[in-house]
Amino acid sequence: MIPNFRLFPDTASSVAGEVNTFYILMIVFTGGISLAIAIFLVYSALRYHRKNDNEMGAQFRNNYRIEATWIILPFFFFMAMFAWGAKVYFDIERPPANAIRIYAVGKQWMWKVQHPEGQREINELHIPVGRPVQLFMTSEDVIHSFYVPAFRTKQDVLPDRYTSTWFEATKPGKYHLFCAEFCGAKHSGMIGYVYAMEPREYQSWLTQGASEGSLASMGEKYFHQYGCADCHHFNDAGRAPHLTGLYNRPVQISDGQTVTADDGYIRESILNPGAKIVYGYANIMPNFTGTVSEEQVIALISYIKALSPAPGSQRPSSSGAVPKEYGTEKGISGPGATSDSNSQKGVR
Ligand code: CUA
(Lines give C-alpha, C1' and ligand atoms only; values in the text may rest on other atoms or scores of the structure.)
Protein backbone atom coordinates (compact mmCIF):
# COMPACT_ATOMS: atom_id res chain seq x y z
CA MET A 1 0.00 0.00 0.00
CA ILE A 2 1.03 3.59 -0.59
CA PRO A 3 1.79 5.16 2.77
CA ASN A 4 -0.40 8.12 3.69
CA PHE A 5 -2.63 7.57 0.73
CA ARG A 6 -5.86 9.45 1.14
CA LEU A 7 -8.79 9.54 -1.19
CA PHE A 8 -9.88 12.97 0.06
CA PRO A 9 -8.04 16.07 1.21
CA ASP A 10 -8.69 17.25 4.77
CA THR A 11 -12.26 18.25 5.45
CA ALA A 12 -11.60 21.51 7.23
CA SER A 13 -14.26 24.08 6.35
CA SER A 14 -17.93 24.57 7.12
CA VAL A 15 -18.98 23.66 3.57
CA ALA A 16 -16.47 20.86 2.98
CA GLY A 17 -18.67 18.13 4.47
CA GLU A 18 -21.62 19.17 2.34
CA VAL A 19 -19.44 19.19 -0.78
CA ASN A 20 -18.12 15.71 0.09
CA THR A 21 -21.62 14.29 0.55
CA PHE A 22 -22.86 15.75 -2.69
CA TYR A 23 -19.76 14.64 -4.58
CA ILE A 24 -19.90 11.07 -3.28
CA LEU A 25 -23.61 10.76 -3.98
CA MET A 26 -23.14 12.06 -7.50
CA ILE A 27 -20.35 9.53 -8.11
CA VAL A 28 -22.44 6.69 -6.66
CA PHE A 29 -25.58 7.53 -8.62
CA THR A 30 -24.00 8.32 -11.98
CA GLY A 31 -21.52 5.46 -11.55
CA GLY A 32 -24.36 3.11 -10.62
CA ILE A 33 -26.45 4.12 -13.63
CA SER A 34 -23.44 3.81 -15.98
CA LEU A 35 -22.68 0.37 -14.58
CA ALA A 36 -26.30 -0.77 -14.92
CA ILE A 37 -26.37 0.35 -18.57
CA ALA A 38 -23.06 -1.36 -19.29
CA ILE A 39 -24.21 -4.64 -17.71
CA PHE A 40 -27.51 -4.54 -19.59
CA LEU A 41 -25.65 -3.85 -22.84
CA VAL A 42 -23.33 -6.85 -22.43
CA TYR A 43 -26.19 -9.08 -21.30
CA SER A 44 -28.31 -8.11 -24.32
CA ALA A 45 -25.44 -8.64 -26.72
CA LEU A 46 -24.88 -12.15 -25.36
CA ARG A 47 -28.55 -13.06 -25.00
CA TYR A 48 -29.99 -11.64 -28.22
CA HIS A 49 -27.16 -11.79 -30.75
CA ARG A 50 -27.95 -13.32 -34.15
CA LYS A 51 -27.46 -17.07 -33.95
CA ASN A 52 -27.66 -18.02 -37.63
CA ASP A 53 -27.43 -16.19 -40.95
CA ASN A 54 -31.13 -16.57 -41.80
CA GLU A 55 -32.42 -15.13 -38.60
CA MET A 56 -34.63 -12.04 -38.93
CA GLY A 57 -35.11 -9.42 -36.27
CA ALA A 58 -38.52 -9.42 -34.59
CA GLN A 59 -40.92 -6.57 -35.38
CA PHE A 60 -40.86 -4.09 -32.58
CA ARG A 61 -43.56 -1.54 -31.77
CA ASN A 62 -43.24 1.44 -29.49
CA ASN A 63 -43.75 0.76 -25.84
CA TYR A 64 -44.86 4.13 -24.55
CA ARG A 65 -44.90 3.02 -20.96
CA ILE A 66 -41.20 2.13 -21.03
CA GLU A 67 -40.33 5.29 -22.98
CA ALA A 68 -42.23 7.51 -20.56
CA THR A 69 -40.54 5.82 -17.63
CA TRP A 70 -37.01 6.37 -18.87
CA ILE A 71 -37.78 9.99 -19.70
CA ILE A 72 -39.68 10.99 -16.58
CA LEU A 73 -37.70 9.18 -13.90
CA PRO A 74 -34.26 10.48 -14.92
CA PHE A 75 -35.75 13.94 -15.43
CA PHE A 76 -36.92 14.20 -11.84
CA PHE A 77 -33.83 12.47 -10.57
CA PHE A 78 -31.48 14.92 -12.27
CA MET A 79 -33.63 17.93 -11.37
CA ALA A 80 -33.34 16.84 -7.74
CA MET A 81 -29.56 16.62 -8.16
CA PHE A 82 -29.59 20.08 -9.72
CA ALA A 83 -31.61 21.56 -6.89
CA TRP A 84 -29.31 20.04 -4.33
CA GLY A 85 -26.22 21.19 -6.23
CA ALA A 86 -27.65 24.70 -6.46
CA LYS A 87 -28.18 24.73 -2.71
CA VAL A 88 -24.54 23.74 -2.10
CA TYR A 89 -23.44 26.34 -4.63
CA PHE A 90 -25.39 29.11 -2.91
CA ASP A 91 -23.97 28.09 0.45
CA ILE A 92 -20.48 28.40 -1.01
CA GLU A 93 -21.17 31.67 -2.82
CA ARG A 94 -22.96 33.66 -0.12
CA PRO A 95 -20.69 34.99 2.60
CA PRO A 96 -22.26 35.48 6.03
CA ALA A 97 -22.62 39.13 7.01
CA ASN A 98 -20.15 38.85 9.89
CA ALA A 99 -17.27 37.62 7.71
CA ILE A 100 -13.81 39.07 8.26
CA ARG A 101 -12.64 40.70 5.08
CA ILE A 102 -9.14 39.93 3.85
CA TYR A 103 -7.65 41.07 0.56
CA ALA A 104 -5.44 39.05 -1.76
CA VAL A 105 -3.59 40.08 -4.90
CA GLY A 106 -2.34 37.43 -7.28
CA LYS A 107 0.65 38.07 -9.52
CA GLN A 108 3.13 35.98 -11.43
CA TRP A 109 3.91 34.05 -9.28
CA MET A 110 2.83 34.73 -5.76
CA TRP A 111 -0.09 35.53 -3.51
CA LYS A 112 0.03 38.80 -1.59
CA VAL A 113 -2.37 39.04 1.32
CA GLN A 114 -3.44 42.16 3.22
CA HIS A 115 -5.32 42.06 6.50
CA PRO A 116 -7.48 45.01 7.57
CA GLU A 117 -5.35 45.31 10.72
CA GLY A 118 -2.33 46.00 8.54
CA GLN A 119 -0.58 42.62 8.44
CA ARG A 120 0.75 41.62 5.06
CA GLU A 121 1.94 38.21 4.04
CA ILE A 122 3.17 36.46 0.92
CA ASN A 123 2.10 32.93 -0.01
CA GLU A 124 0.62 32.55 3.46
CA LEU A 125 -2.77 33.28 4.87
CA HIS A 126 -3.48 33.23 8.59
CA ILE A 127 -7.12 32.94 9.60
CA PRO A 128 -9.02 32.15 12.78
CA VAL A 129 -10.96 28.91 13.16
CA GLY A 130 -14.73 29.19 13.54
CA ARG A 131 -15.12 32.59 11.90
CA PRO A 132 -16.17 33.16 8.32
CA VAL A 133 -13.50 34.86 6.23
CA GLN A 134 -14.30 36.62 3.00
CA LEU A 135 -11.47 37.06 0.54
CA PHE A 136 -11.51 39.91 -1.94
CA MET A 137 -9.10 39.18 -4.73
CA THR A 138 -7.68 40.71 -7.85
CA SER A 139 -4.73 40.07 -10.12
CA GLU A 140 -1.91 42.32 -11.25
CA ASP A 141 -1.42 40.45 -14.49
CA VAL A 142 -3.11 37.29 -15.75
CA ILE A 143 -5.87 35.03 -14.48
CA HIS A 144 -5.00 33.02 -11.38
CA SER A 145 -7.20 30.85 -9.21
CA PHE A 146 -7.22 30.65 -5.44
CA TYR A 147 -7.60 27.03 -4.43
CA VAL A 148 -7.64 25.50 -0.95
CA PRO A 149 -8.59 21.83 -1.35
CA ALA A 150 -9.14 21.31 2.40
CA PHE A 151 -11.79 24.06 2.31
CA ARG A 152 -13.26 22.91 -1.04
CA THR A 153 -12.72 26.49 -2.16
CA LYS A 154 -11.67 27.50 -5.64
CA GLN A 155 -12.16 30.95 -7.09
CA ASP A 156 -10.70 32.53 -10.21
CA VAL A 157 -8.72 35.72 -9.62
CA LEU A 158 -9.02 38.14 -12.51
CA PRO A 159 -7.17 41.27 -13.50
CA ASP A 160 -9.20 44.50 -13.51
CA ARG A 161 -11.93 43.39 -11.12
CA TYR A 162 -12.54 41.92 -7.70
CA THR A 163 -13.74 38.41 -7.22
CA SER A 164 -14.63 37.10 -3.83
CA THR A 165 -14.91 33.83 -2.00
CA TRP A 166 -15.46 32.87 1.61
CA PHE A 167 -14.80 29.99 3.96
CA GLU A 168 -14.93 29.15 7.59
CA ALA A 169 -12.18 26.88 8.84
CA THR A 170 -13.46 24.25 11.23
CA LYS A 171 -10.23 22.80 12.54
CA PRO A 172 -6.82 24.29 13.18
CA GLY A 173 -4.07 23.26 10.82
CA LYS A 174 -1.80 24.08 7.93
CA TYR A 175 -3.47 23.61 4.58
CA HIS A 176 -2.21 23.75 1.03
CA LEU A 177 -2.96 26.80 -1.08
CA PHE A 178 -2.61 26.40 -4.83
CA CYS A 179 -2.97 28.50 -7.93
CA ALA A 180 -5.39 26.46 -10.00
CA GLU A 181 -5.21 28.36 -13.27
CA PHE A 182 -2.25 27.99 -15.58
CA CYS A 183 -0.59 31.39 -15.42
CA GLY A 184 2.84 31.05 -16.96
CA ALA A 185 6.20 29.37 -16.49
CA LYS A 186 6.15 29.18 -12.70
CA HIS A 187 2.44 28.46 -12.25
CA SER A 188 3.30 25.26 -10.38
CA GLY A 189 5.34 27.32 -7.91
CA MET A 190 2.50 29.68 -7.08
CA ILE A 191 1.65 27.82 -3.93
CA GLY A 192 1.49 28.50 -0.24
CA TYR A 193 -0.22 27.62 3.00
CA VAL A 194 -3.31 28.64 4.87
CA TYR A 195 -2.86 28.57 8.63
CA ALA A 196 -6.11 28.09 10.50
CA MET A 197 -5.50 29.14 14.09
CA GLU A 198 -7.41 29.14 17.34
CA PRO A 199 -9.00 32.60 17.73
CA ARG A 200 -6.71 33.51 20.63
CA GLU A 201 -3.57 32.55 18.71
CA TYR A 202 -4.88 34.46 15.73
CA GLN A 203 -5.36 37.57 17.84
CA SER A 204 -1.81 37.39 19.11
CA TRP A 205 -0.55 36.74 15.58
CA LEU A 206 -2.38 39.88 14.45
CA THR A 207 -0.58 42.02 17.00
CA GLN A 208 2.83 40.88 15.80
CA GLY A 209 4.73 43.19 13.52
CA ALA A 210 1.93 45.49 12.40
CA SER A 211 4.31 48.39 12.10
CA GLU A 212 2.62 50.25 9.30
CA GLY A 213 -0.72 50.62 11.02
CA SER A 214 -4.09 49.48 9.76
CA LEU A 215 -4.90 49.11 6.09
CA ALA A 216 -7.16 52.16 6.37
CA SER A 217 -4.40 54.30 7.85
CA MET A 218 -2.06 53.18 5.07
CA GLY A 219 -4.80 54.24 2.69
CA GLU A 220 -4.97 57.62 4.36
CA LYS A 221 -1.26 58.03 3.76
CA TYR A 222 -1.66 57.25 0.06
CA PHE A 223 -4.68 59.55 -0.06
CA HIS A 224 -2.39 62.47 0.73
CA GLN A 225 0.68 61.13 -1.05
CA TYR A 226 -1.14 60.95 -4.39
CA GLY A 227 -2.84 64.30 -3.93
CA CYS A 228 -6.37 62.89 -3.66
CA ALA A 229 -7.01 65.27 -0.76
CA ASP A 230 -6.39 68.28 -2.98
CA CYS A 231 -9.75 67.79 -4.67
CA HIS A 232 -11.67 65.34 -2.48
CA HIS A 233 -12.50 67.37 0.60
CA PHE A 234 -14.52 66.16 3.52
CA ASN A 235 -17.42 68.39 2.63
CA ASP A 236 -18.88 69.41 -0.72
CA ALA A 237 -16.55 72.31 -1.32
CA GLY A 238 -14.04 70.44 -3.47
CA ARG A 239 -13.95 70.03 -7.20
CA ALA A 240 -14.53 66.35 -6.71
CA PRO A 241 -17.22 64.34 -4.91
CA HIS A 242 -16.71 64.06 -1.18
CA LEU A 243 -16.11 60.56 0.00
CA THR A 244 -17.51 60.37 3.52
CA GLY A 245 -20.29 57.85 3.66
CA LEU A 246 -19.69 56.91 0.04
CA TYR A 247 -18.89 53.24 0.55
CA ASN A 248 -21.64 50.88 -0.63
CA ARG A 249 -24.02 53.78 -1.29
CA PRO A 250 -25.81 54.42 -4.58
CA VAL A 251 -24.15 57.02 -6.80
CA GLN A 252 -25.73 58.72 -9.78
CA ILE A 253 -23.32 58.92 -12.67
CA SER A 254 -23.23 61.31 -15.61
CA ASP A 255 -25.29 59.17 -18.00
CA GLY A 256 -28.14 59.12 -15.48
CA GLN A 257 -27.55 55.56 -14.26
CA THR A 258 -27.20 54.73 -10.61
CA VAL A 259 -24.36 52.48 -9.51
CA THR A 260 -23.33 51.21 -6.10
CA ALA A 261 -20.03 52.54 -4.75
CA ASP A 262 -18.70 49.09 -3.89
CA ASP A 263 -15.08 47.97 -3.99
CA GLY A 264 -15.16 47.42 -7.74
CA TYR A 265 -16.61 50.86 -8.47
CA ILE A 266 -14.14 52.68 -6.21
CA ARG A 267 -11.25 50.74 -7.70
CA GLU A 268 -12.32 51.66 -11.22
CA SER A 269 -12.82 55.28 -10.18
CA ILE A 270 -9.23 55.44 -8.91
CA LEU A 271 -7.53 53.67 -11.81
CA ASN A 272 -9.76 54.87 -14.63
CA PRO A 273 -11.80 57.81 -13.33
CA GLY A 274 -13.31 58.68 -16.70
CA ALA A 275 -15.28 55.43 -16.84
CA LYS A 276 -18.09 56.49 -14.51
CA ILE A 277 -18.14 60.19 -13.67
CA VAL A 278 -20.37 61.23 -10.79
CA TYR A 279 -23.30 63.30 -12.03
CA GLY A 280 -22.52 67.02 -12.00
CA TYR A 281 -18.74 66.70 -11.91
CA ALA A 282 -16.19 67.26 -14.66
CA ASN A 283 -13.84 64.58 -15.92
CA ILE A 284 -10.70 66.17 -14.44
CA MET A 285 -9.20 63.42 -12.32
CA PRO A 286 -5.95 61.97 -13.67
CA ASN A 287 -5.71 58.32 -14.54
CA PHE A 288 -3.90 56.34 -11.84
CA THR A 289 -3.41 53.12 -13.78
CA GLY A 290 0.26 52.17 -13.46
CA THR A 291 0.82 54.76 -10.73
CA VAL A 292 -1.13 53.21 -7.89
CA SER A 293 -0.63 49.48 -7.31
CA GLU A 294 -3.45 47.06 -6.63
CA GLU A 295 -2.34 46.82 -3.01
CA GLN A 296 -2.45 50.59 -2.66
CA VAL A 297 -5.90 50.65 -4.24
CA ILE A 298 -7.03 48.16 -1.60
CA ALA A 299 -5.64 50.40 1.14
CA LEU A 300 -7.37 53.44 -0.38
CA ILE A 301 -10.67 51.57 -0.52
CA SER A 302 -10.24 50.59 3.13
CA TYR A 303 -9.67 54.24 3.97
CA ILE A 304 -12.78 55.35 2.08
CA LYS A 305 -14.71 52.56 3.77
CA ALA A 306 -13.50 53.81 7.15
CA LEU A 307 -14.88 57.23 6.26
CA SER A 308 -18.35 55.75 6.10
CA PRO A 309 -20.56 56.35 9.10
CA ALA A 310 -20.97 53.13 11.01
CA PRO A 311 -24.42 51.58 10.71
CA GLY A 312 -26.89 53.23 13.04
CA SER A 313 -24.67 56.18 13.89
CA GLN A 314 -24.11 59.59 12.38
CA ARG A 315 -20.41 59.60 13.10
CA PRO A 316 -17.78 57.96 10.98
CA SER A 317 -16.65 54.58 12.25
CA SER A 318 -13.78 54.76 14.66
CA SER A 319 -10.97 53.08 12.81
CA GLY A 320 -8.41 55.63 13.82
CA ALA A 321 -8.07 56.67 10.21
CA VAL A 322 -10.91 59.13 10.17
CA PRO A 323 -10.04 62.80 10.39
CA LYS A 324 -11.54 64.11 13.60
CA GLU A 325 -12.37 67.37 11.87
CA TYR A 326 -14.73 65.64 9.51
CA GLY A 327 -17.28 68.09 8.21
CA THR A 328 -15.64 71.21 9.64
CA GLU A 329 -13.61 72.34 6.67
CA LYS A 330 -16.06 74.83 5.22
CA GLY A 331 -14.41 77.57 3.27
CA ILE A 332 -11.50 75.54 2.01
CA SER A 333 -12.01 75.22 -1.70
CA GLY A 334 -8.94 76.09 -3.69
CA PRO A 335 -6.57 73.42 -4.91
CA GLY A 336 -3.71 72.94 -2.51
CA ALA A 337 -5.65 74.56 0.28
CA THR A 338 -6.07 71.22 1.99
CA SER A 339 -2.39 70.46 1.98
CA ASP A 340 -2.12 72.22 5.32
CA SER A 341 -5.67 71.54 6.41
CA ASN A 342 -6.69 69.72 9.52
CA SER A 343 -7.42 66.58 7.59
CA GLN A 344 -3.76 65.80 7.42
CA LYS A 345 -3.10 65.74 11.10
CA GLY A 346 -2.71 62.28 12.36
CA VAL A 347 -0.84 61.14 9.28
CA ARG A 348 2.48 59.82 10.27
CU1 CUA B 1 -1.16 31.84 -10.81
CU2 CUA B 1 -1.27 29.71 -11.85
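Order of appearance sets the numbers: ligands from 1, and atoms from 1 within every ligand.
Aromatic ring centroids of F146 and H144 lie 6.0 Å or more apart.
Between F178 and H187 the shortest side-chain heavy-atom distance does not fall below 4.5 Å. Side-chain contact between I191 and L177: absent, with no pair of heavy atoms (C-beta onward) separated by less than 4.5 Å. The shortest distance between side-chain heavy atoms of T258 and P250 falls below 4.5 Å.
Among the atoms of M190, an N, O or S atom falls under 2.8 Å of atom 1 (Cu) of ligand 1. Taking backbone and side chain together, C179 holds an N, O or S atom under 2.8 Å from atom 2 (Cu) of ligand 1. Metal site remark for atom 1 (Cu) of ligand 1: H144 contributes an N, O or S atom at a distance under 2.8 Å.
The angle subtended at atom 2 (Cu) of ligand 1 by O of E181 and SG of C183 is 110°, given to the nearest 10°.
Enclosure of atom NZ in K186 is not indicated, since only 12 or fewer non-hydrogen atoms of other residues, nucleotides or ligands lie within 6.0 angstrom.
Looking only at N/O/S atoms, H187 comes nearest to atom 2 (Cu) of ligand 1 through ND1.
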